[in-house]
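All chains are named by letter (A, B, ...) in the order of the sequence lines, taking the proteins before the strands, and each is independently numbered beginning at 1. For the numbers below, each heavy atom of this structure counts, side chains included, while hydrogens, waters and symmetry mates do not. This one's a predicted model, so the numbers in the text were calculated from it and none came from an experiment.
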Amino acid sequence: MQTAGGVSACLPIHSDLDLVWVRQHVRQAAAQLGFGLVAQTKLVTAASELARNTLVHGGGGQMACAPVSRGGVPGLRLAFSDEGPGIPDLEQALRDGYTSGEGLGMGLGGARRLVHEFAIDSRPGSGTTVTVTSWVSGPPRPREEK
Amino acid sequence: MTGAFPSPYGGQVPVLRIGDVLLVTLQGDLHDGTAEQLQQDVSEAAADSRVKGVVIDLSGVEMVDSFLGRVLSDIAAKTRLLAAETVVAGMRPAVAITLVELGLTLPGLRTALSSDEALRLLGEASISPRHGRTRQESP
Ligand SMILES: Nc1ncnc2c1ncn2[C@@H]1O[C@H](COP(=O)(O)OP(=O)(O)O)[C@@H](O)[C@H]1O
Ligand SMILES: [Mg+2]
């Protein structure tokens, strides 16, 4: 995408073409904020996993992308939300290799490893929001554990 | 059927035949549909032409997630059934580092630094039963 100006965005996730836009936007936003190549790749990969979950398991939804800052350190926050069935057992869903469908079951747990902060808000019947944040120069300081 | 296979997926992923090896060059960001089509095309091409190996050049790929990772593993598994080997070539360091952290191991896939190296690797491996062809190139 040519919109080099925008980090903040809300992108729809309703098709596998949308996954491509999500990845491109996250790449471009992360680069703009000063993330290095490896950090960009980790974020884009996490975003791809989470966006695919939104599409496949959540029945579609959106990604909100926003710049954040803490103690002068810039970061990027991505929130993937849907109004799908929700995740009944979070611990199980995060376990490597668990899938309720035909995936590899590495997306949720893998995405958690690829970012600095990771939170899931999900209730059965009322959808799922997964919010991740990464900071340009590592996590600011581990004050509060999730 | 001759050298290059037609691309029913709109020419996005060319599958070329070089000797006994299929060379697939992935570029940029693949749609899921394209990746799945690729999987089908490669196994069909491998079956049709009895190749010894498949080289997948990833040097133009900026990200491999678990979806594409599974496509690559599936290609390797299908290719192995046809007694051929799959080599992934030219994976970028940032992609490789991310894959490890994601937790993907890509079973059945050999790796090479470049598709040249991959072709050499497959060439030597497949020629080994015959005597007198142990030509070694210094790296
Ligand atoms: N947005 C979501 N809505 C409902 N269920 C989800 C969502 N995201 C993940 N899940 C559940 O968590 C499981 C594990 O997710 P993941 O690790 O990405 O594996 P995969 O997508 O390969 O199944 C999924 O199989 C699904 O049951
Ligand atoms: Mg997934």
What's the spacing between [X] [atom1] and [Y] [atom2] if we round to 0.5 Å?
X	Y	atom1	atom2	value
B:D32	A:S48	CG	OG	7.0 Å
B:T34	A:L17	OG1	CG	9.5 Å
A:L108	B:S66	CG	OG	10.5 Å

Compare all side-chain heavy atoms of [X] with those of [Y] and state whether any distance is below 4.5 angstrom.
X	Y	value
B:V64	A:T45	no
A:E49	B:L102	yes
A:M106	B:D65	no

In terms of heavy-atom pairs under 4.5 Å with chain B, which of A:L37, A:L114, A:V44, A:V38 leads?
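The residue among A:L37, A:L114, A:V44, A:V38 with the greatest pair count is A:L114.
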Is a side-chain donor or acceptor of [X] paired with a backbone partner of [Y] at a separation under 3.5 angstrom?
X	Y	answer
A:D16	B:G33	yes
A:R23	B:M63	no
B:R70	A:E102	yes

Within a reach of under 6.0 Å around CG of B:L113, are more than 12 heavy atoms found that belong to other residues, nucleotides or ligands?
no
Count the heavy atoms of every other residue, nucleotide or ligand shown that sit under 6.0 Å from CD of A:Q92, and state whether that count exceeds 12.
yes
Which atoms of [X] approach chain B - backbone, side chain, both or neither, heavy atom under 4.5 Å:
X	answer
A:R113	both
A:R112	neither
A:A111	backbone

Identify whether [X] and [Y] are in the same connected component of the hydrophobic contact network (ILVMFWY, side-chain heavy atoms under 4.5 Å).
X	Y	value
A:F118	A:L90	yes
B:V95	B:L106	yes
A:V115	A:L94	yes
A:V136	A:L43	yes

Run A:R27 and B:D29 through salt bridge (Lys or Arg N to Asp or Glu O under 4.0 Å) and show every step you take.
CA-CA 11 Å; A:R27 167 80 65 184; B:D29 197 319; over 6 Å; no
